Amino acid sequence: MDIIKVMDEPLANKIAAGEVVERPASIVKELIENSIDAGSTTIEITLEEAGLTSIRITDNGKGMTTTDAVRAFERHATSKIDNEHDLFRIRTLGFRGEALASIAAVSKVHLWTSDGVSGTEVDIEGGKVMNHRAASLRQGTDITVSQVFFNTPARLKYMKTIQTELGHTIDLVNRLAISHPDIAFRLAHGQQLLLKTSGSGNLQRVLSDVYGITVAKKMIPFQAENSDYKVSGYVTLPEMTRASKNYMTVLVNGRWVKSYAVNKAVLEALHTYLPIGRFPIIVLRAEADPYLTDVNVHPSKQYIKVSKEGELLAAVREGVHAAVKKAIIVPDAIVKEKKKTITPSVQESFWKHPERRAEPVQSFQTTSNYPPRQQPSWTVGEQSSREDSTIDPDGQAQTVEASETANADEEFVSFGSQEEVAKPLDHSEPKSSFPKLLPVGQVHGTYIVAQNEDGFYMIDQHAAQERIKYEYFRTKIAEVDHEERQMLLMPLIFHYSADEQLKIEERLDALEDVGIFLEQFGPSSYTVKEYPSWFPAAEASSIIEEMIEQVLHTRQVNIAKLREDTAIMMSCKKSIKANHHLTMEDMNRLLDDLGKSENPYTCPHGRPVLIHFTTYELEKMFKRVM
Ligand code: ADP
Ligand code: MG
């Protein structure tokens, strides 16, 4: 008996919907992409209950004819490609002709559209066009998707809380707004306005709408180009970071895509500038001939394939690295008054000059020994909560930011040009530009206070020493001198399992390159009888163990990276920790050594080493100037 049947269309659509329509955010994505493809300049999104009750998208794009309005909901119905050659030169966001059919299969849809010649209204239920009729003529499309997943109960059950679903949609709309600065977006949840962009075409302005002006002002432009790719965008200076990669946006030919490889290249470009486990806020736009990209590898088109990936990644690394290196500055500490304790006039000037706020220096928050409300006035406390809240478009702080953005354009003109903001220092000549600092004393056995004619400085002594040691070990390890070895009275012994030994055997050369000389010792052990004389003796055993671990657990040993990691590990172990008393002489020496280092401004983990209070800022704090 024959048992194979071809599915009817509603069933096939429902199955296809499984791939495309995962959650309300994926519906919003497809609908906005359609509006973008239709050439809209304004797109309004209104959600009820995070979109589960309804999603309404209104655009002013080219609209559809009556026939197209009905046909659009059939599977494989598209106006965007004609033949298979078109697949290699896709310039639109959509092309699969599946989204509307899939969405209609799992929800109720009301469409109103007009191409300026005719107006049409269509009702669709369970994927079937129930009726259509003539309607008013105002060019554009207005589509309402309601009762999402009403006929797919399992999917509905899988939905997380309203907050989670809403979070996904906000994130999505943020990214689409960032990818299209020339389109005015408006996202509302019920009565609550969540995002509004102007459509002015200014990316920095959109970044300000999305992340808040404080973040936007901290973002520096970058760009690089080779024969295949053009890369550009904005990235936050290393001192403004986030705990996740969620703030890294990659756009390829205007399409927001997820790319592990590009993210990795960005992180490589920021290596040693970023604290461990922290990520930048970045928007990276890559442009290439569409023929180099294959967007047809994933139903939601979020993953794409690119030819000549190496060229793309090289441009990413080059652009980001050069820009950040050039812009590294001494973090300036600037008055950050607590809202409740300051007089209105100070508050006002503070809001007028947001660029004069304290830099969001992480070490301030993490190393502070004070409970939040008892910080002495000269430490610039409490900036953390605000900085972070501006990022997530969920709370009141966002609303406050929104009011600031009114002046955003004007502010951007003076971006970084305030005379009181420390001048960007070029990395190529850091030694001469590092200020001469005279120590005044030490605070809490942790920070050195120093001064010169430009104001005063606080130096994190641990971070400073890490930087100095790191540069020392990095030079030493770059070329291990075999003459410079030291014999041990008591050899060190390390034990490994048989499979581990196999790997170690393969990697003995790499280990020797960083000064570790292993000799087989019995069936399951190695000994180390000597090591370079500059190895930190007290920690030698644990350092060697960690380095062996490292070569054991990487798929392919990268010598440059191994050297780098070893230098960081050694600098960290050997450095003076907090709560360590230093004499004036110690401090002088430390500051001298710091001045000689190649990059005295951040520790190898990317944390700031020093913070500068300018003379002007001091005068301002004490109201000697207004
Ligand atoms: P695709 O975008 O892959 O072509 P969709 O199912 O998303 O497939 O949409 C089908 C077609 O409906 C599109 O090709 C387009 O012609 C039309 N369409 C959908 N949304 C809009 C819109 N907002 N404005 C104008 N035309 C639209
Ligand atoms: Mg589409």
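Note that this is a predicted model, so its numbers are computed, not measured. Indexing begins at 1, ligand by ligand and atom by atom, following the structure's order.
Atoms of ligand 1 found under 4.0 Å from any heavy atom of Ala72, numbered from 1 in the order shown, are 10 (C), 12 (O). The atoms of ligand 1 that sit less than 4.0 Å from any heavy atom of Ala38 are 24 (N), 25 (C). Listed by number with element, the atoms of ligand 1 under 4.0 angstrom from any heavy atom of Ala99 are 6 (O), 7 (O). Under a 4.0 Å criterion applied to the non-hydrogen atoms of Gly94, ligand 1 contributes the atoms 2 (O), 3 (O).
Polar contact check, Glu30 against ligand 1: no nitrogen or oxygen pair lies under 3.5 Å apart. Taking only nitrogen or oxygen atoms, main chain and side chain alike, Gly63 does not reach within less than 3.5 Å of ligand 1. Any N or O atom pair closer than 3.5 Å counts here, and Ser79 shares at least one such pair with ligand 1.
Atom 4 (O) of ligand 1 has its closest protein heavy atom at Thr78 OG1, 2.6 Å. Among protein heavy atoms, the minimum distance from atom 20 (N) of ligand 1 is reached at Asn34 CB, 3.2 Å. When only non-hydrogen protein atoms are considered, atom 22 (C) of ligand 1 lies nearest to Thr141 OG1, 3.8 Å. Looking only at protein heavy atoms, the nearest one to atom 17 (C) of ligand 1 is Met64 SD, 3.7 Å. When only non-hydrogen protein atoms are considered, atom 6 (O) of ligand 1 lies nearest to Leu100 N, 2.9 Å. Ranking protein heavy atoms by distance to atom 2 (O) of ligand 1, first place goes to Lys80 NZ, 2.7 Å. When hydrogens are left out, the protein atom nearest atom 8 (O) of ligand 1 is Gly97 CA, 3.2 Å; that is the closest non-hydrogen contact. Protein heavy atom in closest approach to atom 23 (N) of ligand 1: Asp59 OD2, 3.0 Å.
Counting heavy-atom neighbours within 6.0 Å of Arg71 CZ, excluding the residue itself, gives a total of 12 or less. Remark: His132 NE2 is loosely packed, at most 12 non-hydrogen atoms of other residues, nucleotides or ligands lying under 6.0 Å away. No more than 12 heavy atoms of other residues, nucleotides or ligands sit less than 6.0 Å from atom CG of Asp2. The neighbour count for Lys80 NZ, taken as heavy atoms of other residues, nucleotides or ligands under 6.0 Å away, is above 12.
Exactly one residue among Asp209, Val173, Thr197, Val283 makes a side-chain contact (heavy atoms from CB on, under 4.5 Å) with Ile178. That residue is Val283.
Side chains of Glu564 and His271: a donor-acceptor N/O pair is present below 3.5 angstrom, by distance only.
Rounding to the nearest 0.5 Å gives a distance of 10.0 Å between CZ of Arg175 and CE of Met248. In this structure, CD1 in Ile36 is found 4.5 Å from CD1 in Ile183, a value given to the nearest 0.5 Å.
At distances below 3.5 Å, at least one donor-acceptor pair connects side-chain atoms of Ser200 with backbone N or O atoms of Asn202. Of the possible polar contacts, none joining the Asp171 side chain to the Gly167 backbone as a donor-acceptor pair under 3.5 Å is found.
Distances shorter than 4.0 angstrom do not occur between any heavy atom of Gly61 and any atom of ligand 1. Distances shorter than 4.0 angstrom occur between a heavy atom of Arg96 and an atom of ligand 1.
With distances taken over non-hydrogen atoms, the option nearest atom 10 (C) of ligand 1 out of Ser102, Ala101, Ala77 is Ala77.
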Stepwise salt bridge (Lys or Arg N to Asp or Glu O under 4.0 Å) test for Asp115 and Lys62: CA-CA 6 Å; Asp115 61 354; Lys62 64 181 179 202; over 6 Å; no
Salt bridge (Lys or Arg N to Asp or Glu O under 4.0 Å) between Glu121 and Arg133, worked out: CA-CA 5 Å; Glu121 262 183 283; Arg133 56 198 172 278; 3.6 Å; yes
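Here Asn34 reaches the Mg ion (ligand 2): one of its N/O/S atoms is less than 2.8 Å from the metal.
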